[in-house]
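Just so it is clear: chains get the letters A, B, ... in the order the sequence lines come, proteins before strands, and each one is counted from 1.
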Protein chains: 2
Amino acid sequence: MKILGLDPGTVATGFGIVVFEQGRLTLECCGVWRPPAKLPLAAKLEFLSAAAFALMGEMAPAAVSVETVFAAKNIASALKLAHARGALLAAAARADLPVFEYEPRLVKKAIVGYGQAEKEQVRAMVLSLLARQRSRIPLDAADALAVAICHLHAPRTPGIHGTG
Amino acid sequence: MKILGLDPGTVATGFGIVVFEQGRLTLECCGVWRPPAKLPLAAKLEFLSAAAFALMGEMAPAAVSVETVFAAKNIASALKLAHARGALLAAAARADLPVFEYEPRLVKKAIVGYGQAEKEQVRAMVLSLLARQRSRIPLDAADALAVAICHLHAPRTPGIHGTG
């Protein structure tokens, strides 16, 4: 099963595709999309949407996995993130791919085994799980790979998982 | 000048196109897009994105006008709204249209002359401004028409207007 994980943001959106076959997890590709900083918001969102749609067509993942958004810390940041998510989720639906959303604590639990884990622990574990290709993983893509791996641990029906 | 106003929402997105020519304001079309409630979020966003992209291609407005989002009241609602905005703004950029964003108080000021006006006052004034076609304006489209008319009052460079 091939899963695309996304870590949305208007400044940088991380992406990573992992494949789980015959009990083995491998990294297919990963990277970061960075819209030119001078673009207006709408053009940045379309930049991300077009990049994601092209990748989905090229790599044909079975599903898209993404973290839910919440506004616990910084509302302005959460609103920007939600714009990026909106453009990316629409692109996934346009590519006819099911979208699975996981709460951050579920992603942490799936990767580190502990829902309150630090961001650094999650990243270190992702690099460890995909050790052979470690040098090819930009830090910004590690979070996208984490949510992709999370989906492999807990495949369910499309929608939001972990609420309530 | 033909302007498309959008009032984004995942449950209902209002749209309205007005034309200002030779000192006269006319209503070109307006309505509401309602994604089927049973669809997952990504599919709702793509529903809105596709509808907006098709309308932009068909009606060829010169620009898209939309209210800025802020999280003053309900953060969960603001996040949903931001998702819809993200999908719609990306569609506008894909259609190669400039996007102008106006703070709610600027829209109120442009329509009613008073930045603290009530929602009902804005709607009543929009219906009055477009009186001849009043019967064709759904309430949900009135806010979209308001932000379109606001742009006619204050055309500027694409981006966010009214901050600071």
- [ ] Check the pair B/Ile17 / B/Lys2 against side-chain contact (heavy atoms from CB on, under 4.5 Å), numbers first and verdict last.
- [x] CA-CA 7 Å; B/Ile17 295 181; B/Lys2 189 192 285 189; 3.4 Å; yes

Task: Winner by heavy-atom pair count (cut-off under 4.5 Å) against chain B, out of A/Ala82, A/Ala84, A/Pro98 - done: A/Ala82

TODO: Locate the shortest heavy-atom distance separating A/Ala144 from A/Gly16; write the atom from each residue and the value.
DONE: CB-N, 3.8 Å

- [ ] Measure distances from A/Leu41 to the heavy atoms of chain B and classify the residue's part below 4.5 Å as side chain, backbone, both or neither.
- [x] side chain

Task: Toward chain A, the part of B/Ile75 with a non-hydrogen atom under 4.5 Å - done: side chain

Task: Most contacts with chain A, counted as non-hydrogen pairs under 4.5 angstrom, among B/Arg85, B/Lys80, B/Lys44 - done: B/Arg85

Open item on the list: Minimum heavy-atom separation for B/Leu27 and B/Leu130, please, with both atom names.
Closed with: N-CD2, 3.9 Å

- [ ] Please answer whether the main-chain N or O of B/Trp33 pairs with a side-chain N or O of B/Thr13 as donor and acceptor at a distance below 3.5 Å.
- [x] no

- [ ] Indicate the atoms forming the closest heavy-atom contact of B/Leu4 with B/Ala148, along with that distance.
- [x] C-CB, 4.3 Å

Task: Closest non-hydrogen atom pair between B/Met125 and B/Ile111, with its separation - done: CG-O, 3.2 Å

- [ ] Kindly say whether B/Val147 contributes a backbone atom to a donor-acceptor pair with the side chain of B/His151 at under 3.5 angstrom?
- [x] no

Task: Within residues 86-95 of chain B, residues adjacent to chain A where the heavy-atom gap is under 4.5 Å - done: B/Gly86, B/Ala87, B/Leu89, B/Ala90, B/Ala93, B/Arg94

TODO: Kindly give the heavy-atom pair with the smallest separation between B/Val32 and B/Ala12, and that separation in Å.
DONE: CG1-CB, 3.8 Å

